[in-house]
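Positions are given from 1 along the sequence. Note that the coordinates shown come from a computational prediction; the quantities given were computed from them, not determined experimentally.
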Amino acid sequence: MSFFVRPSKFRHVFGTPYRRPDCYENLRITRNAWDTNLVKVNPLFISVNLQSGGGGTFTVIKHENTGKLPDNLPCFNGHSASVLDTDFNPFNDYIIASASEDTKVMVWNIPETGLTESINKPILTLEGHKKKVGHVLFHPTADNLLASSSADMTVRLWDISKGAEKQNIECHQQLVQSLDWNYNGDLLLTSSKDKKLRIIDARTGKVSSETNSHQGIKGSRVCWLGDSDKIATTGFSRMSDRQLFLWDAKNLKEPIKQEAIDTSSGILMPFYDNDTKLLYLAGKGDGNIRYYEIVDDDTMLYFISEFKSSEPQRGMGFLPKRAVNTNEVEIDRLYKLQNNCIEPISFKVPRKSDAFASDIYPDTIGDKPALTCEEFFNGKSAKPILINLETKFKPSAKKELKIDENEVKANAEKKKAAAEAEKRKSILDTKELTTKCETLEKENNTLRDTVKEQELKIKELERELHRLRLFR
């Protein structure tokens with residue numbers, strides 16, 4: 001009896017954890033229960049949220065600074081409450097944004113030599129959310145465009161070069177749990193606590209389509225599958241089984257693929273490599289990373305293998321493809337966050353030849369923006385600018401984020417004026433209500449006095465009537 005083996009270049013992909021000296025140890029990881037990945041990675045730095053006695057802190061570590069890190073690790077400590085999420089600017093490796101429970105989004109400049117001392121003053125503070133900010137995510141093609149989601153059930157888009165709020169999306173009925181951009185950034189994908197999956201037009205803020213997603217009460221995650229029209233979501237069933245759904249973005253009526261994973265309690269963190277079409281699922285609270293190949297056929301989802309470890313993971317970071325080591329035929333690298341350590345895990349394709357494997361390294365997304373923020377909101381669309389990895393990618397030289405201070409000041413004054421106008425309106429509304437209450441109280445007193453007079457008249461008439469009856 002013969003079996004047909006599906007041909008694939010990635011059937012034998014395997015994951016290898018780094019040796020202990022090449023990990024990042026002695027970290028005081030935050031104990032906050034908010035659901036984010038906790039760690040982010042770019043070609044130069046690793047960002048991780050830290051536990052602190054007061055306020056909120058996170059640190060940025062250079063890739064080469066491995067081993068046991070110092071107890072007094074320099075950090076960014078400008079927030080007044082816990083840092084919940086961070087994200088690197090994809091077009092400027094030295095710019096990072098942070099979100100916090102203090103309702104603020106802050107943008108920071110990373111020194112070229114890395115952090116040598118703590119920094120408490122950001123280059124920009126974005127204010128507008130009414131409650132804690134849980135997620136930040138930079139746009140994939142437009143420069144200096146940042147999305148943030150908050151417990152106030154809004155998603156806001158910011159131009160960080162001007163400190164301006166460009167869009168306020170208010171379509172969610174409950175907490176936003178996850179968000180992701182599509183390939184060219186025209187659409188924003190979100191999942192929320194109301195168990196809805198939404199595709200939103202980023203320019204207008206209107207919902208293009210929505211549907212019911214995972215029906216479990218725990219969290220869910222979303223991931224747009226690269227340049228395709230497919231979407232991956234992870235979540236839980238009503239019986240708390242972990243699930244993976246694949247969707248067609250053009251028709252969200254129902255999932256085109258449903259996969260039951262297991263019954264573990266930790267949420268599945270999805271990461272997608274558009275070049276190899278591999279989808280990685282890392283489970284919080286367990287040590288496993290499953291990876292699947294997405295193929296455009298009737299089956300669509302093919303399980304490749306599973307990286308297993310006895311050490312549970314609290315979070316996970318995904319290295320941009322342009323920074324992988326092509327000499328060792330590394331196709332992806334994930335950064336596993338443990339209790340006090342970050343452990344890199346390298347996924348490789350076994351090859352005997354030392355030549356560049358052009359068949360598994362197509363042109364990939366580079367570090368140059370395709371649009372400006374202004375061009376994007378004027379309606380222009382563009383795909384990411386690609387680079388060839390055969391020439392060995394080198395990170396761009398440090399460039400300062402040019403912030404228009406006059407625009408920032410003008411936008412701050414506009415926001416202040418709007419807040420004051422809202423306050424005055426509230427005061428006027430309060431005065432109007434007070435006046436109405438006083439009027440109603442006067443009317444009520446008048447009616448009460450009238451009723452008392454009528455009651456006295458009725459009693460007099462009753463006494464007169466009684467007297468007349470006696471004389472008869």
Side-chain angles (χ1 to χ4, degrees), residues 15-18 20 22-42 45-53 56-61 63 65-69 71 73 75-76 79 81-88 96 98-101 132-137 177-179 191 216 218-223 234-236 240 242 261-271 280-291 306-319 332-347:
T16 305
Y18 277 32
R20 210 65 185 175
D22 297 326
C23 297
Y24 308 85
E25 298 188 289
N26 196 34
L27 290 166
R28 294 176 291 107
I29 310 299
T30 179
R31 293 192 293 272
N32 193 289
W34 184 262
D35 178 35
T36 57
N37 291 348
L38 300 178
V39 58
K40 291 290 179 72
V41 189
N42 77 1
F45 303 104
I46 304 165
S47 166
V48 60
N49 302 350
L50 299 179
Q51 182 68 23
S52 60
T57 62
F58 72 97
T59 192
V60 166
I61 308 164
H63 281 280
N65 293 346
T66 57
K68 185 177 180 180
L69 299 171
D71 293 332
L73 194 65
C75 59
F76 294 103
H79 286 285
S82 295
V83 173
L84 301 180
D85 194 24
T86 59
D87 195 36
F88 288 102
I96 187 169
S98 60
S100 169
E101 285 186 339
K132 63 183 176 183
V133 186
H135 304 91
V136 282
L137 188 65
Q177 295 177 325
S178 178
L179 70 160
S191 66
K218 298 180 182 179
S220 64
R221 293 290 187 92
V222 295
C223 179
T234 61
F236 295 83
S240 294
R242 291 201 291 193
I261 306 297
D262 57 25
T263 56
S264 185
S265 60
I267 196 165
L268 290 167
M269 299 173 283
F271 302 94
Y280 297 86
L281 300 181
K284 270 194 176 183
D286 57 65
N288 302 337
I289 304 173
R290 299 170 176 84
Y291 40 106
E306 180 177 10
F307 170 83
K308 294 184 178 181
S309 169
S310 59
E311 289 290 334
Q313 54 227 8
R314 293 189 57 198
M316 192 71 67
F318 195 69
L319 183 71
D332 290 303
R333 193 187 309 161
L334 277 72
Y335 285 73
K336 174 182 175 179
L337 184 63
Q338 300 173 12
N339 283 330
N340 62 353
C341 171
I342 298 175
E343 177 187 54
I345 302 169
S346 177
F347 289 86

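To the nearest 0.5 Å, the span separating CG on N42 from CG on D87 amounts to 9.5 Å. One distance of note links CG of N339 with CZ of R31; it measures 11.0 Å at 0.5 Å rounding. L281 contributes atom CG, which lies 5.5 Å from atom CD1 of I261 (distance to the nearest 0.5 angstrom). Once rounded to the nearest 0.5 Å, the distance linking OG1 of T59 with CD1 of I46 reads 10.5 Å. If you take CD1 on I29 and CG on N340, they are separated by 7.5 Å, rounding to the nearest 0.5 Å. Separation of atoms CZ (R333) and OG1 (T16) is listed at 12.0 Å; rounding is to 0.5 Å.
Of the possible polar contacts, one joining the R242 side chain to the G266 backbone as a donor-acceptor pair under 3.5 Å is found. Remark: the backbone N or O of L84 is paired with a side-chain donor or acceptor of T36 at under 3.5 angstrom. Using a distance-only test at 3.5 Å, with no hydrogens or angles considered, no donor-acceptor pair links the side chain of S82 to the main chain of E101. Counting only distance, with no hydrogens or angles, the side chain of S178 and the backbone of S191 share no donor-acceptor pair below 3.5 Å. A donor-acceptor pair is defined here as one N or O able to donate and one able to accept, closer than 3.5 Å; such a pair exists between the side chain of K336 and the backbone of E311.
Between I342 and L337 the shortest side-chain heavy-atom distance falls below 4.5 Å. Contact check for I345 versus Y18: no side-chain heavy atoms found under the 4.5 Å cut-off. No side-chain heavy atom of V60 sits less than 4.5 Å from a side-chain heavy atom of T86.
Ring geometry for Y291 versus Y280: interplanar angle of 30 to 60°, hence tilted. Between F271 and F318, the angle of the ring planes stays under 30°, which puts this pair in the parallel group of the 30/60° scheme.
Nearest heavy atoms, L73 versus L69: CD1-CB, 4.1 Å. Taking both residues in full, the closest heavy atoms of S240 and K218 are given as OG-CE, 4.4 Å, listed atom of the first, atom of the second, then distance. Of all heavy-atom pairs spanning I267 and S220, the tightest one is CD1-N, 3.6 Å. Taking every heavy atom of both residues into account, N49 and D85 meet most closely at ND2-N, 3.8 Å. In this structure, F236 and G219 approach most closely via the heavy-atom pair CD1-O, 3.5 Å. Nearest heavy atoms, G56 versus V83: C-CG2, 3.7 Å.
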Original post:
Checking side-chain contact (heavy atoms from CB on, under 4.5 Å) for the pair H63/L319: CA distance, chi angles, key distance, verdict?
Top reply: CA-CA 11 Å; H63 281 280; L319 183 71; 4.2 Å; yes
Original post:
Would R290 and D262 count as a side-chain contact (heavy atoms from CB on, under 4.5 Å) if you check the C-alpha gap in whole Å, the side-chain angles of each, and the deciding distance to 0.1 Å?
Top reply: CA-CA 12 Å; R290 299 170 176 84; D262 57 25; 2.9 Å; yes
**OP:** Report the C-alpha separation of L268 and R221 in whole Å, then their side-chain angles, then the decisive distance to 0.1 Å, and conclude whether the side-chain contact (heavy atoms from CB on, under 4.5 Å) test is met.
**Re:** CA-CA 7 Å; L268 290 167; R221 293 290 187 92; over 6 Å; no
Subject >> Evaluation steps, side-chain contact (heavy atoms from CB on, under 4.5 Å), between I96 and F58 >> reply: CA-CA 11 Å; I96 187 169; F58 72 97; 3.8 Å; yes
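Under 4.0 Å is where a charged nitrogen must lie from a carboxylate oxygen, and between D71 and R28 no such pair does.
A side-chain contact (heavy atoms from CB on, under 4.5 Å) with Q313 is found for exactly one of N37, V39, I289, namely I289.
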